[in-house]
Amino acid sequence: MSFTSHMDIALTEARAAAQRGEVPVGAVLIAPDGKVVAQAGNRTREWADPTAHAEILVIRAACSALGSERLPGYALYVTLEPCAMCAAAIAAARVARLYFGASDPKSGGVLHGARVFSHSQSHHIPEVYDGIAADEAEGLLKSFFSARRAQ
C-alpha cells in the first residue's frame, strides 16, 4: 500500500484561514477508503469560539455526517501540531492516524507541552507522523504573525 499525503488540502484550508484573519491552520479528515470526509481551517475569531480549531471542526463535521462519535480507521492531516484540546478530541474520536506539519513547541499538545497521548488517561493513541510539509506550514505561520506584528 502506498502513502498518499493529503496535506495539500490542509495547506489550502490554512491559506484560506489566513485570508479571513485567522491563524493559518488547516485540517482534512480522510476516510479509510481514501475519500475526503471533511476539511476546514481555523474559525475562532470569525465565530468568536475558542474551540473552533480546524481539527475540532473536521472531527465535528465527520462525526455528524457519520452519525457516530468515533472515527476508527480515519486519518487526520493538520498543518500544525495539535494543541492539548485538539489532541484530546482526536483521542476521544479514536482517529487512527495523525499527520501534522509544523511542530508547536509553545502550544503543542502531542510532542510538546501536555503530550496528551502519553498519559494513561488517554483512552486512544493514534499513530503520529510529524513533519509532513513542515516547511510550508511553518512558513505560512511565520508570514502571518510577521504581518500581524507589522500592523
Side-chain angles (χ1 to χ4, degrees), residues 1-20 22-44 46-47 49-142 144:
M1 185 165 113
S2 66
F3 171 73
T4 301
S5 176
H6 297 276
M7 191 60 81
D8 57 327
I9 298 169
L11 287 163
T12 297
E13 290 292 339
R15 286 190 282 280
Q19 290 294 317
R20 294 190 302 270
E22 300 280 354
V23 174
V25 177
V28 60
L29 193 70
I30 307 299
D33 65 4
K35 291 190 171 104
V36 173
V37 177
Q39 60 192 69
N42 278 358
R43 292 190 178 270
T44 58
E46 179 183 358
W47 293 354
D49 179 355
T51 69
H53 290 196
E55 303 95 306
I56 299 293
L57 298 179
V58 297
I59 289 170
R60 285 178 182 162
C63 288
S64 179
L66 295 167
S68 174
E69 76 282 9
R70 304 276 167 86
L71 301 167
Y74 286 70
L76 175 63
Y77 289 79
V78 62
T79 58
L80 180 65
E81 176 182 352
C83 69
M85 172 186 70
C86 292
I90 290 163
R94 307 302 198 265
V95 171
R97 289 171 307 288
L98 167 64
Y99 301 90
F100 70 84
S103 290
D104 190 354
K106 180 181 175 199
S107 300
V110 177
L111 300 180
H112 299 90
R115 293 183 171 101
V116 170
F117 304 136
S118 69
H119 295 274
S120 60
Q121 294 87 353
S122 181
H123 298 297
H124 172 76
I125 302 168
E127 296 173 29
V128 176
Y129 304 91
D130 64 321
I132 310 294
D135 291 341
E136 188 171 355
E138 188 175 312
L140 283 171
L141 289 158
K142 285 182 176 179
F144 176 81

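- For A84, the side chain to side chain contact (heavy atoms under 4.5 Å, CB included) criterion is met by A114, V116, not counting sequence neighbours.
- Remark: side-chain polar atoms of H124 are paired, donor with acceptor, to backbone N or O of V95 under 3.5 angstrom.
- Side-chain atoms of R60 never come within 3.5 Å of backbone atoms of V58 as a donor-acceptor pair (strictly under, hydrogens ignored).
- How far CZ of R97 is from CD1 of I30: 10.0 Å, rounded to the nearest 0.5 Å.
- Of the possible donor and acceptor atoms, one in the side chain of S118 sits under 3.5 Å from a partner among the backbone N and O of R115.
- For H112, the side chain to side chain contact (heavy atoms under 4.5 Å, CB included) partners at least two apart in sequence or on another chain are E81, S103, P105.
- The nearest pair of heavy atoms linking C63 to R70 is SG-N, 4.4 Å.
- Within 6.0 Å of CD on E127 lie more than 12 heavy atoms contributed by other residues, nucleotides or ligands.
- By the 4.5 Å heavy-atom criterion applied to side chains, F100 and L111 are counted as neighbours.
- Summarising the geometry of I90 relative to F117, their closest heavy-atom pair is CG2-CZ, 4.0 Å, with the distance given to 0.1 Å.
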Can you list the steps and then say if V37 with Y74 is a side chain to side chain contact (heavy atoms under 4.5 Å, CB included)?
-> CA-CA 9 Å; V37 177; Y74 286 70; 3.6 Å; yes
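- With rounding to the nearest 0.5 Å, the separation of CD1 in I9 from CD in Q39 is 5.5 Å.
- In plain terms, the two heavy atoms of A102 and A137 that are nearest each other are N-CB, 3.9 Å.
- Between the side chain of E22 and the main chain of E46, a donor-acceptor pair closer than 3.5 Å is present.
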Residue pair E55, L76: steps toward the side chain to side chain contact (heavy atoms under 4.5 Å, CB included) verdict = CA-CA 8 Å; E55 303 95 306; L76 175 63; 4.2 Å; yes
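- The shortest heavy-atom contact between A87 and G109 is CB-O, 4.0 Å.
- Below 30°, between 30° and 60°, or above 60°: for Y77 and H6 the angle between ring planes is above 60°, a perpendicular geometry.
- Between C83 and D104 there is no side-chain heavy-atom pair separated by less than 4.5 Å.
- When every heavy atom of L29 is checked against every heavy atom of A62, the shortest pair comes out as CD2-CB, 3.2 Å.
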Salt bridge (Lys or Arg N to Asp or Glu O under 4.0 Å) between E13 and R43, intermediate numbers included | CA-CA 11 Å; E13 290 292 339; R43 292 190 178 270; 5.9 Å; no
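- Counting only residues at least two apart or in different chains, salt bridge (charged side-chain N to carboxylate O under 4.0 Å, His left out) contacts with residues 27-39 comprise D33-K35.
- Taken from CZ in F144 to CD in Q19, the straight-line distance is 10.5 Å, to the nearest 0.5 Å.
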Quick one: do T79 and M7 satisfy side chain to side chain contact (heavy atoms under 4.5 Å, CB included)? Show the steps, please.
-> CA-CA 7 Å; T79 58; M7 191 60 81; 4.1 Å; yes
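- The distance from the CG atom of L80 to the OG atom of S107 is 8.0 Å, given to the nearest 0.5 Å.
- Considering every non-hydrogen atom in both T44 and P50, the closest pair reads CG2-O, 4.0 Å.
- Checked by atom type and distance alone, the side chain of D49 pairs as donor or acceptor with a backbone atom of T51 at under 3.5 Å.
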Does the pair Y129 and L98 meet the rule for a side chain to side chain contact (heavy atoms under 4.5 Å, CB included), with working shown?
-> CA-CA 6 Å; Y129 304 91; L98 167 64; over 6 Å; no
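- Between H123 and R94, some side-chain heavy-atom pair lies under the 4.5 Å cut-off.
- Listed for the N42 side chain is no donor-acceptor partner under 3.5 Å among the backbone atoms of A17.
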